[in-house]
Amino acid sequence: MSAVIEAAGLEKRFGETQALAGAGFSAEKGTVLALLGPNGAGKTTAVRVLSTLLKPDGGAARICGYDVVHEAVQVRQLIALTGQYASVDDELTGSENLVMIGRLLGLGRAQAKDKARELLARFGLTDAAKRATKTYSGGMRRRLDLAASLVGDPQVIFLDEPTTGLDPRARNQVWDTVRGLTANGVTVLLTTQYLEEADELADHIAVIDRGRVVASGTASELKATTGKQTIEVRPADRFRAPEVAELVTRLTGETPEVRTETGLVTATAVDPAVLSELVQQLGQRGIVAAELALRLPSLDEVFLALTGHSADDQNVNEDENHESSEELADAGRTA
Amino acid sequence: MTTLDITSPAARPAVPGPEPKKRVSGRQMVANALTLAWRNIAQLKHSPEKLLDVTLMPIVFLLLFLYVFGGAVAGSTHSYLQVLLPGLVAQMTMFATMGLGTALNEDIHKGVFDRFRSLPIGRSSPLIGAVLGDTARFLTVIVVLTGFGSALGFRFHTNVLAVLAAFGLAYVFYLAVCWISVLIGMIAPSPETVQGIAFIFIMPLVFGSSILVPNTKTFPGWLQAWVKVNPITHLADAVRGLTVGGPTSTHVLYTLAWAAGIVLVTFPIAVRMYSRRV
């Protein structure tokens, strides 16, 4: 079976900015693919290309086998887009927003109203159905936006930074919703800057940096690619920590970090066999370990290893510049 | 990473439901436009203050112009009112279109249009819908002008059909000018700049015309030449002819020709800009 979302060699330039530089990824039916990357990595541009809003300069992408450029009309019948900024109409009620989308998708008046009612109930918005959405909280707007995406029973849903700016409670609600989507065979592509979010939701993660995919795989595969693991050991008697540290240094060749107040000794280890060796040595010396673990690196560490800079690195603010440079490009074409 | 062979026909994964259609039908485009026109009307229901400008502007302009120019131009405010009010119908028809460009530009910036553009609807439907939905603003202008004008002493001197024809003509011209507003809304970098750009177009059209001073013989030659080709002059004179009497047919034809010309030029560019706007 071929993939529902396929993209290869996507390129897009806005003036000086190379937003996409050959990005490629794919997603199987009923899975969640996360495009993970910092601001300006090209995630939003990728979503805009896949959702037919933007023509790529190079490369190709298909949704359910339909080309996003040449078969855009068909693609639009299969997808739904939830943008970075909740794209609901502020001056309509929640119910009117959904009825409008339903009518635009060809539902009859009664059908559209039924669908709106059903979705409002599903997203816990029934009480707010008759209120203008400008009175909604950020989380409610985002939920309404998601509901609007589901009116047409799409095969593929694009979620561009679905939880940016939400408080933890609202974020958890959105997460629960996303998890529910794939149960019906819907394929989800979401973009996120949050490693935790990708880890929580995605079956596959494509790490995107400066317009290209620098790594992809499951969260645990990605964690394994850096090859570095962390060994953590805490002796029950914290005064024996220096002794443990010396042992760890001998086994791993690294100088461990020692926390004197707890006695926790931490060091990176490349060879997993270190763990069993350490257990043996500790036993021989009669040191009882209160805590002993070999931990895979966090996605944060993975990101740093893959891209050479941290995910929180805000020095690339290209996303904000996109719009203005695109407008300049537009002005250039009309001039 | 995936390699994608874009030359071979794709193997399509099974998609439940009917096969996606290859194009959006004409009937569907009309239905889409009407739904989006409904959107504008529904917005007014929740935010009636959006009509405040088109409610107050006609009153303010009518009072100001009537009492500032009345004595000087026509000898008395009463006789000036008969000339001024049809002129203001033309002026306010122009002014009332300006809100549209701003609203559309806001739609772009808020991401509402991103959703529309990702839906399987006609490309031009959101724009056509917005123009049709804006009819409410035109109707407000006409009702306020004739209502307030009548209270001040304005009287129609023709028959009902002629008056309806006058408003119908103004409406046709209104729809045409809406497309200029749409185009500016598509080009302007931000909602705040829309009005500024629109004013540059609208001011010379509105005030370089016969709306305030029907006898244009006192104008310098270059201005007379401009006034003669200016569609606002023809619209104002046509509305005068149809409401209080006077020559009509040439002005009606000129106005209709201008309306057609404006739409022919601005509509295709506006739709193109809308499809491209990112």
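Below, chains carry the letters A, B, ... as their sequence lines are ordered, and counting in each starts from 1. In what follows, every heavy atom counts, from backbone to side chain, and hydrogens, waters and symmetry copies are set aside.
Open room surrounds NZ on A/Lys113; 12 or fewer heavy atoms of other groups in view lie less than 6.0 Å from it. Within a 6.0 Å sphere centred on NZ of A/Lys130, other residues, nucleotides and ligands contribute 12 heavy atoms or fewer. Under a cut-off of 6.0 angstrom, the local environment of CZ in B/Phe201 is sparse, with at most 12 non-hydrogen atoms contributed by other residues, nucleotides or ligands. Annotation for B/Tyr254: atom OH does not count as buried by contact number, only 12 or fewer foreign heavy atoms lying within 6.0 Å.
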Residue pair B/Arg117, A/Leu81: steps toward the side-chain contact (heavy atoms from CB on, under 4.5 Å) verdict: CA-CA 10 Å; B/Arg117 289 175 59 224; A/Leu81 170 68; over 6 Å; no
Trace of the side-chain contact (heavy atoms from CB on, under 4.5 Å) decision for A/Glu96 with B/Lys45: CA-CA 12 Å; A/Glu96 284 167 344; B/Lys45 209 170 62 193; 3.3 Å; yes
Audit row: A/Val73, B/Lys22, side-chain contact (heavy atoms from CB on, under 4.5 Å) steps and yes/no: CA-CA 6 Å; A/Val73 176; B/Lys22 283 206 173 71; over 6 Å; no
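Within the 4.5 angstrom heavy-atom criterion, atoms from both the backbone and the side chain of B/Ala42 approach chain A. Contacts of B/Arg27 with chain A are absent, with no heavy-atom separation under 4.5 Å from either backbone or side chain. With a 4.5 Å cut-off on non-hydrogen atoms, B/Ile121 touches chain A through its side chain but not through its backbone. Both the backbone and the side chain of A/Ala148 come within contact range of chain B, with heavy atoms under 4.5 Å apart. Residue A/Lys55: no heavy atom, backbone or side chain, is found under 4.5 Å from chain B. Looking at A/Asp153, there are no atoms closer than 4.5 Å to chain B (heavy atoms on both sides), in backbone or side chain. Heavy atoms closer than 4.5 Å to chain A are found nowhere in B/Phe113, neither backbone nor side chain. Only the backbone of B/Arg23 comes within contact range of chain A, with at least one heavy atom under 4.5 Å from a heavy atom of that chain.
Taking A/Thr133 as the reference, nothing meets the side-chain hydrogen bond (donor to acceptor under 3.5 Å, both in side chains) condition, with sequence neighbours excluded.
Listed here is the closest heavy atom pair of A/Leu92 and B/Arg39: CD2-O, 3.8 Å. Looking at every heavy atom in both residues, B/Asn32 comes nearest to A/Leu104 through ND2-O, 3.3 Å. Between B/Val112 and A/Ser87 the shortest heavy-atom distance is N-CB, 4.0 Å. Across all non-hydrogen atoms, the minimal contact from B/Lys21 to A/Gln74 is O-CG, 3.5 Å. A/Asp89 approaches B/Gln43 most closely through the heavy-atom pair OD2-NE2, 2.7 Å.
For the pair A/Gln77 and B/Leu119, the minimum side-chain heavy-atom distance is 4.5 Å or more.
The backbone N or O of B/Ser47 lies less than 3.5 Å from no partner atom in the side chain of A/Glu91, so there is not a single donor-acceptor pair. Not a single donor-acceptor pair under 3.5 Å links the side chain of B/Arg115 to the backbone N or O of A/Ala80. Proximity of a side-chain donor or acceptor of A/Arg103 to a complementary backbone N or O of B/Thr35 within less than 3.5 Å is not detected.
With rounding to the nearest 0.5 angstrom, the CD atom of B/Glu106 is 9.0 Å from the CG atom of A/Asp90.
Residue with the most contacts toward chain B among A/Ser149, A/Ala72, A/Ala132, A/Ser51: A/Ser149 (heavy-atom pairs, distance under 4.5 Å).
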